[in-house]
Amino acid sequence: MDPPPGIRVTSKEGMVCKLQKSLYGLKQSPRAWFGRFAASMRKSGYVQSNSDHTLFLKRRKGDLKYFLGIEVARSKHETGMLDCKPIDTPSEHNHKLGLYPDQVPTNKERYQRLVGKLIYLAHTRPDIAYAVSVVSQFMHAPSEDHMAAVTRVLRYLKVTPGKGLMFSKYGHTDVEGYTDADWAGSATDRRSTSGYFTFVGGNLVTWRSKKQKVVSRSSAEAEYRGMAHGVCELLWLRRLLRDLGFGPKKPMDIYCDNKAAIAIAHNPVQHDRTKHVEVDRNFIKEKLDAEIVSFPFISSEYQLADVLTKAVSTSIFHNSLDKLGMRDVFAPT
């Protein structure tokens with residue numbers, strides 16, 4: 001094995017790394033390792049965030065060069081897709097991916113390896129978030145159709161290697177979000193897919209696309225569950241920003257394109273349409289009454305989170321990417 005980074009290598013033959021028992025072979029080893037790591041960080045002058053215990057802050061003068069340890073590592077291509085034909089969207093419009101009895105199985109190990117790499121890439125590429133969310137649902141029994149969907153994402157990435165988020169100064173630190181849901185969109189179990197984008201100071205900072213855990217009985221219910229997830233994310237961002245030294249000074253807007261879901265959020269009366277989502281309803285109403293969040297209506301035409309819940313047309317997809325602040329660093333200026 002190679003010595004860990006930062007360890008000075010000597011010319012002594014037979015040098016080995018000694019593994020302490022507290023960090024190896026025990027179920028509680030991750031906790032023990034993180035405890036020692038946190039203590040070392042605090043000793044070096046870092047302050048542990050109360051909102052995210054894996055975030056350590058250290059304030060000092062100087063230009064920011066690294067953030068949260070994010071770095072770029074290059075390696076040889078392992079996908080075998082260097083000569084593939086590029087494509088302009090990561091998902092086929094109106095696809096019907098699912099689990100069917102007559103599906104032809106594919107190489108499971110290769111599928112899982114490729115999807116694993118895409119999941120990692122999706123942390124910095126919101127444009128592939130929905131596509132990756134879909135293909136990751138079939139890791140246990142992938143078919144050739146599922147592999148074709150993964151291949152399509154790789155073909156899209158070939159034509160957009162320089163896509164990334166551009167952070168600009170807009171003169172404010174407002175926090176806002178966009179939530180959307182695709183009701184009963186799954187062809188296999190009719191569960192809905194919800195997604196959200198959150199912005200701080202006009203810049204996109206977090207996003208998520210995920211199939212809901214239960215079947216929603218109406219589009220309003222699906223949208224409402226998505227709103228609850230969006231509220232949780234904004235509340236976390238609110239606490240995190242306060243740890244960093246500033247926070248929202250006004251209610252955080254969450255834009256939704258479903259008037260029924262917005263009406264349920266403002267209406268405290270329980271009825272048949274809302275009693276099965278009572279916890280979400282009371283949670284959202286509490287934040288509304290405290291003026292922490294607000295739910296302005298936005299037409300579907302301007303709903304940015306649409307690309308997180310379904311495969312949209314090429315024009316809608318690229319129009320949304322422009323509004324999200326995604327730019328290609330390799331594009332001519």
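Everything numeric in this text was worked out from a predicted model, so none of it was measured.
- Taken from CD1 in I316 to CD in E301, the straight-line distance is 9.0 Å, to the nearest 0.5 Å.
- R113 and E109 are not joined by a salt bridge, as no carboxylate oxygen comes within less than 4.0 angstrom of a charged side-chain nitrogen.
- The cluster map of Ile, Leu, Val, Met, Phe, Trp and Tyr, joined by side-chain heavy atoms under 4.5 Å apart, puts V200 and Y170 in different clusters.
- Going from atom CZ of R281 over to atom CE of M227 covers 13.0 Å, rounded to the nearest 0.5 Å.
- Within the structure, every pair that satisfies the ring pair (Phe, Tyr, Trp, His ring centres under 6.0 Å) test and touches residues 192-215, not counting sequence neighbours, is listed here: Y178-F199.
- Within a 6.0 Å sphere centred on NZ of K158, other residues, nucleotides and ligands contribute more than 12 heavy atoms.
- Within a 6.0 Å radius of OH in Y100, other residues, nucleotides and ligands contribute more than 12 heavy atoms.
- In the hydrophobic clustering of ILVMFWY residues, with side-chain heavy atoms under 4.5 Å counting as a link, L121 and Y111 come out together.
- Using modelled atom types, no side-chain atom of D180 and backbone atom of T309 make a donor-acceptor pair closer than 3.5 Å.
- In this structure, the side chain of H266 does not engage the main chain of F295 through any donor-acceptor pair within 3.5 Å.
- Within 6.0 Å of atom NZ in K259, 12 or fewer heavy atoms from other residues, nucleotides or ligands are found, so the atom counts as exposed in its surroundings.
- Using modelled atom types, one finds no donor on one side chain facing an acceptor on the other under 3.5 Å when comparing S49 with D52.
- Contact check for H229 versus K210: no side-chain heavy atoms found under the 4.5 Å cut-off.
- To the nearest 0.5 Å, atoms CZ (F37) and CZ (R42) are separated by 10.5 Å.
- Linking Ile, Leu, Val, Met, Phe, Trp and Tyr residues whenever their side-chain heavy atoms come within less than 4.5 Å leaves F246 and V47 in two separate clusters.
- Taken to the nearest 0.5 Å, the CG atom of N282 stands 11.5 Å off from the NZ atom of K287.
- The neighbour count for K169 NZ, taken as heavy atoms of other residues, nucleotides or ligands under 6.0 Å away, does not exceed 12.
- Taking R152 as the reference, I87, T89, E92 meet the side-chain contact (heavy atoms from CB on, under 4.5 Å) condition, with sequence neighbours excluded.
- In this structure, W183 CH2 and Q212 CD are separated by 12.0 Å, a value rounded to the nearest 0.5 Å.
- A donor-acceptor pair under 3.5 Å links the side-chain atoms of N203 to the main chain of S168, judged by distance alone.
- With salt bridges taken as basic N to acidic carboxylate O contacts below 4.0 Å, one links K310 and D306.
- Remark: R125 CZ is packed, more than 12 non-hydrogen atoms of other residues, nucleotides or ligands lying under 6.0 Å away.
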